[in-house]
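Nothing fancy with the numbering, it's 1 onward along the sequence. Just so we're clear, the structure is a prediction, and the values are computed from it rather than from any experiment.
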Amino acid sequence: MIIIPESAIAKLITPSDCLQAVEEVFASMANGSAYNFPVIREAIGHADALYGFKSGFDRKSLALGLKSGGFWPNNTSRGLTNHQSTIFLFDADTGKCRAAVGGNLLTALRTAAASAISIKYLARKDAKVLGMIGAGHQSTFQLRAALEQRAFKKILAWNPHPEMLSRLEEVAKEEGLPFEAVDRDRLGAEADVIISITSSFAPLLKASQVRAGAHLACMGTDTKGKQEVEAELLAAATVFTDEVAQAVTIGESQHAVERGLVTKDAIVEIGAVIGGAHPGRISADEITLFDGTGVALQDLAVASAAVELAVAKGVAIEIDF
């Protein structure tokens, strides 16, 4: 069995590697070659933690496995990342455990890759202003990945705790881009692309605040009850997602579907756009929204890429198991 510790991930795999892996697996999902198993995610009644499992199988790449972990909100005070996870890969022919891979950085990278892919395929080509809602640990990964997809000229940001916006401002300075902390009214009125990456259980953005032609990547809702934007915004948009079944149960779409504002059949998997079965954006004034719930196959894809790179570079740790 191959072990890749968390400390080795940063030197093994790049954001570009992750984007390619996630893009390929989204396409496999859309054509039926890959599928996710039902998600288990529960509050454990200890340390305010959410814990669960995501698993799946890709018949094309033969990636089989699961990610185990969750969200420990008090970890920051311990000097640890709030999101903690490990990815386990299994041999599809024998069922033997093939690898155990640190999943913390990979989760941030694959989440950022998903929103970047949605920008690549759905945002207007002339998008110039990027809006960020949320300034937690994953926000900088989201920002860096987004900046690779369009020639943005300005970054606007809002966070319920304004002092945390400094981490986004630092990235903007590194990229030589103007940065402003603004309210949500101005962010929605000016941004061509909006990324939300929060753990909110109440809508932070209204349909009336978003300009025509905007693209939104809602990346924080992955649990029953979470919500980043009001349901009316999904009703006003063309909605895309990583996986429809997950979007309507634990994703941003859950609320609009429950209220009958959006039907399950109207939601499009981003893999269909990647594969050419759906045109994606069809007009400059259309609002597009990507409901990024985070699927197991993303984790398996980036972990598999990390294992392949570790083996190729001769740095894989192998043990008898």
Side-chain angles (χ1 to χ4, degrees), residues 39 41-45 47-52 70-76 82-83 107-108 111 114-115 118 130-143 156-165 167-168 181-191 193-211 214-237 239-242 244 246-264 267 287-294:
V39 173
R41 187 173 174 87
E42 300 289 342
I44 65 172
D48 297 322
L50 290 172
Y51 174 74
F71 185 75
W72 270 256
N74 303 315
N75 272 4
T76 302
N82 289 344
H83 289 270
T107 296
T111 305
S115 64
S118 81
L130 175 61
M132 297 290 302
I133 294 178
H137 173 71
Q138 291 199 23
S139 63
T140 56
F141 295 94
Q142 294 285 326
L143 177 54
L156 305 178
W158 176 88
N159 192 63
H161 303 286
E163 67 277 6
M164 296 174 64
L165 291 171
R167 62 177 56 174
L168 296 176
V182 298
D183 61 26
R184 284 168 285 175
D185 285 335
R186 183 177 166 198
L187 189 148
E190 295 187 21
V193 173
I194 299 171
I195 299 173
S196 59
I197 182 70
T198 73
S199 56
S200 177
F201 279 82
L204 300 172
L205 197 64
K206 298 179 180 180
S208 61
Q209 293 173 305
V210 177
R211 65 182 298 181
H215 171 66
L216 293 91
C218 300
M219 306 303 298
T221 300
D222 58 0
T223 303
K224 187 72 174 175
K226 278 189 176 183
Q227 186 176 12
E228 293 192 290
V229 302
E230 69 172 3
E232 286 80 2
L233 182 47
L234 276 81
V239 182
F240 300 82
T241 191
D242 38 28
V244 173
Q246 194 162 290
V248 301
T249 53
I250 63 172
E252 194 65 38
S253 300
Q254 63 182 283
H255 308 284
V257 170
E258 286 173 359
R259 292 177 53 188
L261 299 177
V262 173
T263 65
K264 179 179 178 180
I267 303 172
I287 295 175
T288 55
L289 185 147
F290 178 67
D291 182 357
T293 65

* Once you round to the nearest 0.5 Å, how far does CZ of R184 lie from CG of L156? -> 14.5 Å
* To do: List in chain and number order the residues that pass side-chain hydrogen bond (donor to acceptor under 3.5 Å, both in side chains) with Q246, two or more places apart in sequence or in another chain; answer none if no residue qualifies.
  => T293
* Short side-chain to backbone donor-acceptor contact, Q254 and Q227, under 3.5 Å -> no
* Asked: Which value, rounded to the nearest 0.5 Å, describes the distance between I133 atom CD1 and Q142 atom CD?
  -> 12.5 Å
* Are any of the side-chain heavy atoms of I267 and L234 separated by less than 4.5 Å? -> no
* Look up atom CH2 in W158 and atom OG1 in T198, then write down how far apart they are to the nearest 0.5 Å. => 8.0 Å
* Please report the closest heavy-atom contact between R259 and A231, naming both atoms and the distance. => NH1-CB, 3.7 Å
* Asked: Do you know which two heavy atoms are closest between A214 and A191, and how far apart they sit?
  -> CB-O, 4.0 Å
* Asked: When rounded to the nearest 0.5 angstrom, what is the spacing between CE in M219 and CG in D242?
  -> 7.0 Å
* **T241 side chain vs D291 backbone, donor-acceptor pair below 3.5 Å** => yes
* Structure fact -> Between A47 and P73, the two heavy atoms sitting closest are O-CD, 3.8 Å
* Asked: Okay, side chain of R167, backbone of G136: is any donor-acceptor separation there less than 3.5 Å?
  -> yes
* **N159 side-chain N/O to A135 backbone N/O, donor-acceptor pair under 3.5 Å** => yes
* Asked: Are N82 and H137 close enough that some pair of their side-chain heavy atoms sits under 4.5 Å apart?
  -> no
* For the pair K224 and E258, find out whether any cationic side-chain nitrogen is under 4.0 Å from an anionic carboxylate oxygen. => yes
* Asked: Between H255 (side chain) and K226 (backbone), is there a donor-acceptor pair under 3.5 Å?
  -> yes
* To do: Only one of T221, L233, L205, L216 passes side-chain contact (heavy atoms from CB on, under 4.5 Å) with E228; say which it is.
  => T221
* Mark yes or no for whether E190, through its side chain, and L187, through its backbone, hold a donor-acceptor pair below 3.5 Å. => no
* To do: State which residues pass side-chain contact (heavy atoms from CB on, under 4.5 Å) with T288; sequence neighbours excluded, sorted by chain then number.
  => L122, H215, F240, R281, E286
* Asked: Any idea which heavy atoms bring L168 and T140 closest together, and the distance?
  -> CD2-N, 4.1 Å
* Asked: Are the side chains of V229 and L204 in touch, meaning some heavy atoms are under 4.5 Å apart?
  -> no
* Asked: Which residues pass the ring pair (Phe, Tyr, Trp, His ring centres under 6.0 Å) test with H83, sequence neighbours left out?
  -> F71
* Interatomic spacing from CD in E42 to CG in L50 - rounded to 0.5 Å -> 9.0 Å
* Structure fact -> Between A189 and R211, the two heavy atoms sitting closest are O-CD, 3.5 Å
* Structure fact -> Heavy atoms of G134 and S139 approach each other most closely as O-CB, 3.6 Å
* Are T107 and Q138 close enough that some pair of their side-chain heavy atoms sits under 4.5 Å apart? -> yes
* Nearest 0.5 Å please: distance from the CG atom of L289 over to the CD atom of E252. => 7.0 Å
* Asked: Does the side chain of V262 come within less than 4.5 Å of S253's, by heavy atoms?
  -> no
